[in-house]
Amino acid sequence: MFKRVLIANRGEIALRIIRACRELGVEAVCVYSSADKGGPWLEQADRTICIGPGPSKESYLKIERIIAAAEVSHAEAIHPGYGFLSENAHFAEVCRASGFEFIGPSPEAMNALGDKVNCKRLARQTGTPVFPGTEDAIEDIDEAVKVAAEIEYPVIVKARAGGGGRGMRIARDEAELRVGIDAARQEAAAAFGDGGVYVEKFLENARHFEVQTMGDKHGHAVHLYERDCSSQRRHQKLIEEAPAPGVDPKKRDRVCESAATLIREAKYSGAATVEFLMDRHQNFYMLEVNTRVQVEHPVTEMITGVDIVKTGIRVAAGEELPFTQKDIHINGHAIEVRINAEDPDRGFMPQAGLIETYAAPGGPGVRLDSHARAGYRIPPNYDSMIGKLIVHAPDRATCIERLKGALREFKIGPVKTTIPLHLKLLDHPDFRAGSHDIHYVERWLKETAVAAKA
Ligand code: ADP
């Protein structure tokens, strides 16, 4: 095992990794920006190193400063968390070249799965279900038009290097497709430095279904079942749960096993999530693979008993996965809500500033992963998520009630948060029935805005 790990991240995920290190007897070194000076999670680290000013480009994204911090602190490995440099294959390569273990996949596996066109090709070969569409990035627009006619409109144009929902265009006929390809190419070139785009079938009313997988450096790979993350606003997940409600167990097993096969074939080590959309007949279509630990990993930890972060560190250190597929079982139900410092009544405006009151919920099955507390000043520079409330219960109905109770106990002020919004969403009839799709939150927000004006 490593003696010392450097954490190239901040906030709740830095704290989550520190906790995992502690249990493994590993020292944790945390880098931070001057905007995060005094951040509560830093008190829990064995050592902290300031790597620059507030803007991420000057600190958390600055590769040479992170490597220098790892050198001066004599760390053996670097944990990227999620966001920032976590899916940057160049960073993983620099870590390796500088003699540090990157806690995550090899740059080769990251490239094989992180590029959407490569990933889809590998998925087709390994039997993971994908959307019908162009086999490769589009060279010839007429060829793309032909494919679109075959798979039938609507279709979606997507960037091979895509992320954060950028570089995507929905097309409902040939004229829209021709315009969409041009627009998506330009947007992708500007956002990712890679204008490669492809076309696939667009699914109207889907659910978001993602499979947690883990691999090691000895050729093993397993899945830890799935999460449903259909509660989204602007492609940002708000509520995540495991298992996905109402899915046929045989179909679930088949798609989860196909995800494990995909990452095994990619020689993947660490935690990866294979994301799918599911139609109302429970057909699955792969969206992409996230080659890192995800925000919503705790719901899977709660239902499987596997510590994903600790296991990720252990496999990076060269250990074999400490479990096989037959050791993994679903126990009960878990739901996570993201506590964002945003004002849902004012267009989800981010809320920087001082948290004056903070009363955390508790009780059986309640887990809170957060770096916030009374006296913490939220800096304006980063993501608005200040924590995640996760609840575990024997069944989904109990889990929803338990989560509502925990949300009512949770008091944060004067900064506004998504707590009141979650209380409403958990009572939405579609959510309660488990029949919600990825658009229900936005539909409901629009309806309530109209009702408030009337
Ligand atoms: P990104 O990497 O930018 O997040 P994804 O491939 O995950 O891109 O797609 C982002 C979102 O766009 C999905 O969560 C889904 O809501 C929508 N989307 C993408 N592809 C399709 C598709 N083929 N049909 C319907 N919706 C899609």
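Values below: all heavy atoms of this structure, side chains included; hydrogens, waters and symmetry mates excluded. First listed ligand is number 1; within each ligand, the first listed atom is number 1.
- For Tyr268 and Thr213, the side-chain atoms include no donor-acceptor pair closer than 3.5 Å.
- Of the possible polar contacts, one joining the Asp216 side chain to the Leu321 backbone as a donor-acceptor pair under 3.5 Å is found.
- A salt bridge links Lys237 to Glu210: one of the charged nitrogens lies within less than 4.0 Å of a carboxylate oxygen.
- Using the six-membered ring where Trp is involved, Tyr285 and Phe131 have ring planes that are parallel, under 30° apart on the 30 and 60° scheme.
- Between the Thr128 side chain and the Ser258 main chain, a donor and an acceptor come within less than 3.5 Å of each other.
- Aromatic ring pairs are classed by plane angle as parallel below 30°, tilted from 30° to 60° and perpendicular above 60°; the pair Tyr60 and Phe84 is parallel.
- For atom 21 (C) of ligand 1, the nearest non-hydrogen atom from the set Asn290, Leu287, Leu203, Val289 comes from Leu287.
- Protein heavy atom nearest atom 26 (N) of ligand 1, with residue, atom name and distance: Phe202 CE1, 3.3 Å.
- Atoms of ligand 1 lying under 4.0 Å from at least one heavy atom of Lys158, given by number and element, are 6 (O), 19 (C), 20 (N).
- Of all atoms in ligand 1, numbered sequentially from 1 with element shown, those under 4.0 Å from a heavy atom of Ile438 are 16 (O).
- With a 4.5 Å cut-off on side-chain heavy atoms, Glu336 and Arg227 do not count as touching.
- Distances from atom 27 (C) of ligand 1 to the heavy atoms of Val157, Asn205, Val199, Leu277 put Leu277 nearest.
- For the pair Ala206 and ligand 1, no heavy-atom separation below 4.0 Å is found.
- Put simply, the side chain of Tyr198 never gets that close to the backbone of Arg160: no donor and acceptor are under 3.5 Å apart.
- Those atoms of ligand 1 that come under 4.0 Å of a heavy atom in Lys201, given as number and element, are 22 (C), 23 (N), 24 (N).
- For ligand 1, the atoms lying closer than 4.0 Å to a non-hydrogen atom of Gly162 are 2 (O).
- Using modelled atom types, one side-chain atom of Asp437 and one backbone atom of Tyr440 make a donor-acceptor pair closer than 3.5 Å.
- For atom 3 (O) of ligand 1, the nearest non-hydrogen atom of the protein is Gly165 N, 2.5 Å.
- At the top of the distance list for atom 17 (C) of ligand 1, counting protein heavy atoms only, stands His235 CE1, 4.0 Å.
- Heavy-atom proximity to Glu288, at under 4.0 Å, picks out these atoms of ligand 1: 1 (P), 2 (O), 4 (O), 5 (P), 7 (O).
- Near Glu275, meaning under 4.0 Å from any of its heavy atoms, are these atoms of ligand 1: 7 (O).
- Scanning all protein heavy atoms for the shortest distance to atom 8 (O) of ligand 1 gives Lys116 NZ, 2.9 Å.
- Summary of contacts: the protein heavy atom closest to atom 9 (O) of ligand 1 is Met168 SD, 3.8 Å.
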